[in-house]
Amino acid sequence: RHRWGSPPAPSQLPSLLRFNLFIEKIVQDHYATFNKEHIRDITDSLIGHCQERKTTGEDTHIQLSDQSIIAIVNDLFGAGFDTVTTALSWCLMYAALYPDIQKKIQDELDQTIGRERRPRLSDRGTLPYTEAFILEMFRHSSFLPFTIPHRTTKATALNGYYIPKDTCVFVNQWQVNHDEKLWQDPSAFKPERFLNAAGTEINRTESDKVLTFGLGRRRCIGESIGRWEVFLFLTTLLQQLEFSLAPGEAVDITPQYGLTMKYKKCERFQIKGRFLSNGSP
Ligand code: HEM
């Protein structure tokens, strides 16, 4: 089965097979080294859950087969890997395109965390400009333009629209994130739009309008971990490194249509260490 529902095109099969084998091997390695006293990650936790049910003889209907464990790990990798790496690549692109904005993030990191230690998850509430930048990256790129297609299980009405049973429904997140009725100058990249006037706090009314993780019962289950990952990787990178466009590098950030949209062209960034006295990479 293709990651998110639709059947794979024949050209995708080899990489999908490789992906499945890759996950299968991870699960096998976990089985081989499993120790219920030392749960290392979600794969261990699923195996533990499975074995516990086997030994206690609990309701076998809910028992997970080994094959389902592979499928669940597969889904989590599939849904959680490309999304977070795509978010990070857009973060770096906006940082390189807007050096002043990148500098504001780095000033905030220098003032709040300093240079002696690496950023931690617990720093997140103390870096409003960085948080505003991440929100603006999600809004402006809208790299997941649509949510997963779902099907109505019964006829319903929404905002005065009648939707028959068995209709395919999904949300156009890109439209919401660029709606001129909701946003001032939606095509501009402005992290400040999410800050209060003093620049010290996130304006929750504005941030709640950004649509990135879907809506309702089938919204993303990895939202929280996804936001934390983007925060931690981005702050760790920008604390240490400065990203810029390489001279003569052809850059085209037109999003390429797909499940997650990547920018069209940028082969490399120029990267400098921030703490090296001669500034060399
Ligand atoms: C920046 C990161 C991420 C973004 C933007 C994102 C976005 C989304 C979106 C738009 C959906 C579809 C929601 C809908 O159809 O209404 C979704 C579903 C899902 N996401 Fe994420 N996601 C991210 C990270 C993750 C991570 C890290 C995981 C797992 C650890 C994950 C697991 C899932 C799963 C399992 C679903 C399907 C949920 C269901 O059908 O009930 N996602 N995600």
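Quick caveat: nothing in here was measured; it's all calculated off a predicted structure. Read the numbers this way: they start at 1 and go in the same order the structure lists the ligands and their atoms.
Contact annotation for Ile225 and ligand 1: only side-chain heavy atoms (C-beta onward) come within less than 4.0 Å of the ligand. The proximity of His150 to ligand 1, defined as any non-hydrogen pair under 4.0 Å, is limited to the side chain. When heavy-atom distances to ligand 1 are checked against a 4.0 Å cut-off, Leu215 comes that close only through its backbone atoms N, CA, C and O.
With hydrophobic clusters built from ILVMFWY side chains whose heavy atoms lie under 4.5 angstrom apart, Val210 does not share a cluster with Ile225.
If you check the side chains of Thr86 and Lys262, you find a donor sitting under 3.5 Å from an acceptor. If you check the side chains of Asn203 and Ser207, you find no donor sitting under 3.5 Å from an acceptor. No hydrogens or angles considered: nothing links the side chains of Asp44 and His38 as a donor-acceptor pair under 3.5 Å.
Counting the atoms of ligand 1 from 1 in the order shown, those under 4.0 Å from a heavy atom of Gln173 are 10 (C). Of all atoms in ligand 1, listed by their number and element, those nearer than 4.0 Å to a heavy atom of Leu144 are 4 (C), 5 (C), 6 (C), 7 (C). Each of the following atoms of ligand 1 lies closer than 4.0 Å to a heavy atom of Ile148: 12 (C), 14 (C), 15 (O), 18 (C). Set against the non-hydrogen atoms of Thr212, the atoms of ligand 1 under 4.0 Å away are 5 (C), 7 (C), 10 (C).
Proximity of the aromatic rings of His140 and Tyr94 is defined here by a centroid distance below 6.0 angstrom, and this criterion is met. Aromatic ring centres of Phe133 and Phe194: separated by at least 6.0 Å.
Ranked by closest heavy atom to atom 33 (C) of ligand 1, the top entry among Gly214, Gly80, Ala79 is Ala79. Proximity annotation for atom 34 (C) of ligand 1: of Ile221, Leu211, Thr83, Ile221 comes nearest, heavy atoms only.
Judged by the shortest distance from any of its heavy atoms, Phe138 lies inside the 4.0 Å radius around the atoms of ligand 1. Using a 4.0 Å cutoff on heavy atoms, Glu223 does not count as a contact of ligand 1.
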message: As a quick check of understanding, evaluate side-chain hydrogen bond (donor to acceptor under 3.5 Å, both in side chains) for Arg40 and Thr33, giving each step before the final call.
response: CA-CA 10 Å; Arg40 295 160 294 186; Thr33 54; 2.9 Å; yes

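Ligand 1 has a nitrogen or oxygen under 3.5 angstrom from a nitrogen or oxygen of Arg218.
Using bins of under 30°, 30° to 60° and over 60° for the plane-to-plane angle, the ring pair Phe77/Phe22 lands in the perpendicular bin.
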